[in-house]
Amino acid sequence: MAQAKISAKASEAAAQQQQQQSGGQLRGRFYRSTSMADRSSRLLENLDQLELRVEAFRDAASAMEQEKEILLEMIHNIQNSQDMRHISEGEREELNLTANRLMGRTLTVEVSVETIRNAQQQESLQHATKMIDEIVNKLLDDLEDAKIRLMSLYGACTSDVPAGPIDQKFQSVVIGCAIEDQKKIKRRLETLLRNLENSEKSITLLEHQKSSVRQSCNSKQD
């Protein structure tokens, strides 16, 4: 009888111990699971913060790309300005040396922001670039026609109300490009139109000067 009681108590104790161990394992799993969730949450938060920094980094690099383009354009415009044509040869040579030095230093800065594209976006970019290049290659043949065509391309890239007609075909091509490429295409067209405007001013000024010289000559003959 005593032996039976001892065996019963031993069995009961063993059962309780097994239950405690099982509960401890469950609690251990629960604690581990909670800890993993905390770690995952912290890691995700860190990655979210890094994503913001990466985008800010790319924006800063893109801004530097644009600044480089602007600096090169400004130096080029100075070298080809009318003012440079109306100074002494010695002064012009000295200023060109300075301009070339500045251009050389600007070109030593390499900034490149690669755009991730799928196959369709790559094809659209090549098509858009080809359409612009075709106009640029014919600039000297007809300056006014080239300007009108470039303005129609630019009108297809801007959300503002265009001053003239829009090239619908070009617009559909640009829409297929990556967002960053769309911005670059618009900037290129803006640069081309500025250069054309400066060229027209130079031509107009030159024609005015020629006309003034002819009038002066005619007055002397009279």
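A quick note: this is a predicted structure, and the numbers were derived from the prediction, not measured.
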Linking I/L/V/M/F/W/Y whenever their side-chain heavy atoms sit closer than 4.5 Å, directly or via other members, would [X] and [Y] fall into one cluster?
| X | Y | result |
| --- | --- | --- |
| Phe170 | Leu139 | yes |
| Leu153 | Leu196 | yes |
| Met151 | Val136 | yes |
| Leu72 | Leu192 | no |
| Ile132 | Leu125 | yes |

Would you find a donor on one side and an acceptor on the other, under 3.5 Å apart, between the side chain of Thr106 and the backbone of Leu102? yes
Test item: Gln182 side-chain N/O and Cys157 main-chain N/O as donor-acceptor pair under 3.5 Å: no
Could you report the tightest heavy-atom contact between [X] and [Y], atom names first, then the distance?
| X | Y | value |
| --- | --- | --- |
| Tyr154 | Leu193 | CB-CD1, 3.9 Å |
| Glu114 | Ser112 | OE2-OG, 3.1 Å |
| Val113 | Ala61 | CG2-CB, 3.5 Å |
| Ala178 | Thr115 | CB-CG2, 3.9 Å |
| Asn100 | Gln79 | OD1-NE2, 2.8 Å |
| Val173 | His127 | CG2-ND1, 3.6 Å |

Under 4.5 Å between side-chain heavy atoms, chaining through other members, with only Ile, Leu, Val, Met, Phe, Trp and Tyr counted: pull out the rest of the cluster around Met74, sorted by chain and number. Ile70
Under the side-chain contact (heavy atoms from CB on, under 4.5 Å) criterion, do Ile78 and Asp83 qualify, and how do the steps go? CA-CA 8 Å; Ile78 288 175; Asp83 289 338; over 6 Å; no
Could you tell me whether the side chain of [Y] reaches within less than 4.5 Å of the side chain of [X], counting heavy atoms only?
| X | Y | result |
| --- | --- | --- |
| Lys186 | Leu189 | no |
| Lys184 | Arg187 | yes |
| Asn96 | Arg92 | yes |
| Gln122 | Gln126 | yes |
| Ile116 | Gln121 | no |
| Glu69 | Thr191 | no |
| Glu73 | Asn195 | yes |
| Lys130 | Glu134 | yes |

Output the distance between atom [atom1] ([X]) and atom [atom2] ([Y]), rounded to the nearest 0.5 Å.
| X | Y | atom1 | atom2 | answer |
| --- | --- | --- | --- | --- |
| Ile148 | Leu143 | CD1 | CG | 10.5 Å |
| Thr129 | Ile185 | OG1 | CD1 | 6.0 Å |
| Arg194 | Asn77 | CZ | CG | 8.5 Å |
| Lys147 | Ile135 | NZ | CD1 | 14.0 Å |
| His86 | Glu91 | NE2 | CD | 13.5 Å |
| His76 | Ser81 | NE2 | OG | 11.0 Å |

State whether Arg188 and Asp133 are salt-bridged, where the test is any N-O pair (Lys NZ or Arg NE/NH1/NH2 against Asp/Glu carboxylate O) under 4.0 Å. yes
Answer yes or no: does atom [atom1] of [X] have more than 12 heavy-atom neighbours from other residues, nucleotides or ligands under 6.0 Å?
| X | atom1 | value |
| --- | --- | --- |
| Gln120 | CD | no |
| Glu93 | CD | no |
| Glu94 | CD | no |

Stepwise, does the side-chain contact (heavy atoms from CB on, under 4.5 Å) test hold for Arg39 with Arg42? CA-CA 5 Å; Arg39 291 194 187 98; Arg42 286 197 302 270; 3.4 Å; yes
Salt bridge (charged side-chain N to carboxylate O under 4.0 Å, His left out) with Glu123: which residues, sequence neighbours excluded? none
